[in-house]
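Predicted model only: the values in this text are computed from it and were never measured.
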Amino acid sequence: MEVRSQRAAQDLLSARLVAVQFGAGLGLPAPQPVAVVPSPLPLPLASRWAVQVVAGPAITYRNLNTAANLAASVTSPPTIVYIPNNNTATPVATLERPALGSAVQVAVRRTLGGHWSLSAGLGYAEYASALALQQVYSTTSAVANSPTPDSTGIHRRDTYRFVTVPVRVGYGWTLSGRWRVGLLAGAEAAVYVGGSSTEGSACACQSQTWGFSGSPYRRYSLGASMGAEARYRLSERWELLAQPTATYLFTPLANYTPYYQRHLFGGAALLGVSFNLP
């Protein structure tokens, strides 16, 4: 019995060896390479931010509303301003003309997506208007039609200076190559910090300089701006930037009732650079 049991165990072991050799003969399939497409890495947070500086000249003017206690404005500005003996002057504010101003802005820009962006910053803006007229003192208005030796030429430039806080939304498109163009729109807060004006002078002979306090003008104003921009990429970080921008201040400038209510506006040709943060 014992011999038979040993033989049976040997037969079973031989069968298992044969089965293992048979399976090994077939062989396992070789592993096949699988193409793995890496998912795009998210952009670092700072790469969506940029710092930009722009500056340039501006053509500025004002929308003039007649003050409550002044005469109606002159529809056709004369070359000679007549001032009778009672010191009632022709409203010279109606004779103002556009003048050259300026603007400077430093802003931080955030890219929101493929097209949208948001920027906010701090700036400086100077609005101006010009006066070029001839003044004649006389007792009769007839003299106004024939200049006398008493006539005086007057050339004045009124200025209104502000510290500004512009906030703008942009929508842009990437063109072929290094160019990107877009549109801008937003709001602008303005703080009056000083300037010079002939307003309040009966003859417009003298300009008075104002500071942040004590002036007849409002300290704070609110306006809106619209414009366009063009960007040219110089390198991975640097871009040249052009931003022609128009701004209109909705808040009347004067805080003193007898003064004309000016709404300042202007168009600036802003040029500068933009630096993309790493």
Would a 4.5 Å heavy-atom cut-off, applied to side chains only, mark [X] and [Y] as touching?
{"X": "Leu131", "Y": "Glu96", "value": "yes"}
{"X": "Ser129", "Y": "Arg97", "value": "no"}
{"X": "Val54", "Y": "Leu271", "value": "no"}
{"X": "Leu253", "Y": "Arg62", "value": "no"}
{"X": "Leu264", "Y": "Thr60", "value": "no"}
{"X": "Thr247", "Y": "Tyr127", "value": "yes"}
{"X": "Glu188", "Y": "Gln105", "value": "yes"}
{"X": "Asn255", "Y": "Pro216", "value": "no"}

For a quick test of reading the model, state the closest non-hydrogen atom pair linking [X] to [Y] and the distance between them.
{"X": "Gln261", "Y": "Pro252", "answer": "OE1-CB, 3.1 Å"}
{"X": "Ala55", "Y": "Val104", "answer": "CB-CG2, 3.8 Å"}
{"X": "Glu239", "Y": "Arg233", "answer": "CG-CA, 4.0 Å"}
{"X": "Asn276", "Y": "Glu236", "answer": "ND2-O, 3.5 Å"}
{"X": "Arg157", "Y": "Ala128", "answer": "NH2-CB, 3.7 Å"}
{"X": "Gly113", "Y": "Thr111", "answer": "O-CG2, 3.2 Å"}

Stepwise side-chain hydrogen bond (donor to acceptor under 3.5 Å, both in side chains) check, Ser196 with Thr159
CA-CA 5 Å; Ser196 61; Thr159 58; 3.2 Å; yes
Positive for ring-ring contact (aromatic ring centres under 6.0 Å, His included) with Tyr192, one of Tyr124, Phe162, Phe212:
Phe162
hydrophobic_cluster_shared for [Y] and [X], side chain cutoff 4.5 Å:
{"X": "Leu183", "Y": "Met226", "value": "no"}
{"X": "Leu241", "Y": "Val167", "value": "no"}
{"X": "Val181", "Y": "Tyr232", "value": "yes"}
{"X": "Trp173", "Y": "Leu112", "value": "yes"}
{"X": "Phe265", "Y": "Tyr259", "value": "no"}

Atom [atom1] in [X], atom [atom2] in [Y]: separation rounded to 0.5 Å?
{"X": "Thr251", "Y": "Arg262", "atom1": "OG1", "atom2": "CZ", "result": "15.5 Å"}
{"X": "Tyr160", "Y": "Ser221", "atom1": "OH", "atom2": "OG", "result": "12.0 Å"}
{"X": "Leu100", "Y": "Glu126", "atom1": "CG", "atom2": "CD", "result": "8.5 Å"}
{"X": "Trp49", "Y": "Ser117", "atom1": "CH2", "atom2": "OG", "result": "11.5 Å"}
{"X": "Ser119", "Y": "Gln52", "atom1": "OG", "atom2": "CD", "result": "5.5 Å"}
{"X": "Trp238", "Y": "Phe275", "atom1": "CH2", "atom2": "CZ", "result": "5.5 Å"}

Should the pair His115 and Tyr171 be assigned to parallel (<30°), tilted (30 to 60°) or perpendicular (>60°) ring geometry?
parallel
So, does Arg219 use its side chain to make a donor-acceptor pair with the main chain of Ser213 at under 3.5 Å?
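Pair absent, no side-chain N/O of Arg219 close to backbone of Ser213.
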Test your reading of the model: is there a side-chain donor-acceptor pair from Thr245 to the backbone of Ala268, 3.5 Å cut-off?
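No, Thr245 side chain to Ala268 backbone: no donor-acceptor pair under 3.5 Å.
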Yes or no on side-chain contact (heavy atoms from CB on, under 4.5 Å) for Arg109 and Ser274, after CA distance, side-chain angles and deciding distance?
CA-CA 9 Å; Arg109 181 176 179 267; Ser274 176; 5.5 Å; no
With distance as the sole criterion, is a donor-acceptor pair present between the side chains of Tyr217 and Ser197 under 3.5 Å?
yes
Quick one: do Leu122 and Val106 satisfy side-chain contact (heavy atoms from CB on, under 4.5 Å)? Show the steps, please.
CA-CA 6 Å; Leu122 192 66; Val106 179; 5.6 Å; no
Run the numbers on Tyr248 and Phe250 for ring pair (Phe, Tyr, Trp, His ring centres under 6.0 Å), then give the verdict.
CA-CA 6 Å; Tyr248 185 93; Phe250 295 114; 5.6 Å; yes
